[in-house]
There are 2 protein chains.
Amino acid sequence: MTKVKDTLREHDLRNTSCREDVLAILTQNNAALSHGEIERELDNRFDRVTIYRTLKTFVDKGIIHKVLDEEGLRYAVCKDQCSGSRHHHDHLHFKCTVCGLTNCIENITIPPIQLPAGYKSIETNLLIQGVCPLCNSDN
Amino acid sequence: MTKVKDTLREHDLRNTSCREDVLAILTQNNAALSHGEIERELDNRFDRVTIYRTLKTFVDKGIIHKVLDEEGLRYAVCKDQCSGSRHHHDHLHFKCTVCGLTNCIENITIPPIQLPAGYKSIETNLLIQGVCPLCNSDN
DNA sequence: CCAATATTTGCATCCCTGTTGCACTTAGCG
DNA sequence: CGCTAAGTGCAACAGGGATGCAAATATTGG
């Protein structure tokens, strides 16, 4: 919990209970969470708009990143590689079609893609859908 | 335009003016379009809900596919590789951060990703953001 | 520890997307 | 041409995202 406060301080953000709680929830959670899921976890203790603005602030500061799938937008904390000023922009996410959870896959680098001439790549975002180890009966 | 009618017929869809027009717009357009953009192009000649249902039908039939970026959902027609029953699920999309257009990149296959043990991949979706040839002043 | 100030929050309000139910219309068939 | 299943429009709702403004609060300097 002190870690949460530190993270906020490091990014020049005032230490408020909404920010603390949102960041704590995202940190404790492995899977990416949607705005609505976070709102429910907070048990309506904060206004919808406040949570929305909190998430936006965190994204802007590089504390969390957006995760996209066909059902919408989710948020997850950036792992070690993103800490500090070296926020990297290549994310690999895995969405399990059975349990519905979306997770960041660490330790796997996305192989470089050879784009046609003239294209300049800035950020790469890879979403793989399939079955996660916990839901995979083939084990 | 006959081609549009044929496509509908091939997929056991009745030939209605809304479907014709939506499919024609998507076919003529290189970039992926959002629901709202399609609605505007149709000049309010069809109900919002009808367009929504038309798009859903096309996605279900494999005529078009969803394209995701951080701004939301767009739709684009499936190219040759997707035709008929052999609808493939690996898509590479490029979103230009200058002009804002999102396009499918054809002829480039996504290199296979070695996932950790237990993960089973079904569908891969790659979004690369950057600058497209038309907006790239380095040429 | 307190006051000043700049930030953050809650509320009201708005717009857009996605979705469903139901009645009406129409395409495509015999 | 008429039937029937499919498609459409309308009403209505839920949810996400966004902004303006007044009230509350965290930080800073005294």
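Every chain is numbered from 1 and lettered A, B, ... according to where its sequence line falls, protein lines coming before strand lines.
- Around atom CG of A:Asp47, more than 12 heavy atoms belonging to other residues, nucleotides or ligands sit under 6.0 Å away.
- To the nearest angstrom, P of C:dT8 lies 7 Å from CG of A:Leu13.
- Rounded to whole Å, the distance from CG on B:Leu73 to P on D:dG16 is 16 Å.
- Distance B:Asp47 CG to C:dC24 C1': 13 Å, rounded to the nearest Å.
- Nearest-nucleotide assignment on DNA chain D puts the 5′-proximal partner with B:Ile51, out of A:Arg14 and B:Ile51.
- Between B:Lys95 and B:Glu70 there is no salt bridge, since no side-chain nitrogen of the basic residue lies less than 4.0 Å from a carboxylate oxygen of the acidic one.
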Could you walk me through whether A:Val77 and A:Leu23 satisfy the side chain to side chain contact (heavy atoms under 4.5 Å, CB included) test, starting with their C-alpha distance in whole Å, then the side-chain angles of each, then the deciding distance to 0.1 Å, before giving a yes or no?
CA-CA 8 Å; A:Val77 290; A:Leu23 190 49; 4.1 Å; yes

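- Atom CZ in B:Phe46 sits roughly 7 Å away from atom P in D:dG9 (whole-Å rounding).
- A:Gly36 comes within contact range of the sugar-phosphate backbone alone, with a heavy-atom separation under 4.0 Å but no base atom that close.
- Contact annotation: A:Arg53 side-chain N/O to C:dT8 OP1/OP2 distance is not under 4.0 Å.
- Spacing between atom CD1 of A:Ile38 and atom C1' of D:dG15 amounts to 15 Å, rounded to whole angstrom units.
- Nearest to the side chain of B:Val49, among C:dT20, D:dG17, C:dT9, sits C:dT20.
- In this structure, A:Glu70 atom CD and C:dT17 atom P are separated by 18 Å, rounded to whole Å.
- Residue contacts shown for B:Arg48 include a base, since a base heavy atom lies under 4.0 Å away.
- In this structure, A:His35 reaches the D:dG17 phosphate: one of its side-chain N or O atoms is under 4.0 Å from OP1 or OP2.
- The interatomic distance linking B:Leu33 (CG) with C:dT17 (C1') rounds to 16 Å, in whole Å.
- A straight line from CG of A:Leu8 to P of D:dT25 spans 18 Å, rounded to a whole angstrom.
- Residue whose closest nucleotide on DNA chain C sits further toward the 5' end, between B:Ser34 and B:Thr16: B:Ser34.
- Ring planes of B:His93 and B:His65: parallel class, angle under 30° (limits at 30 and 60°).
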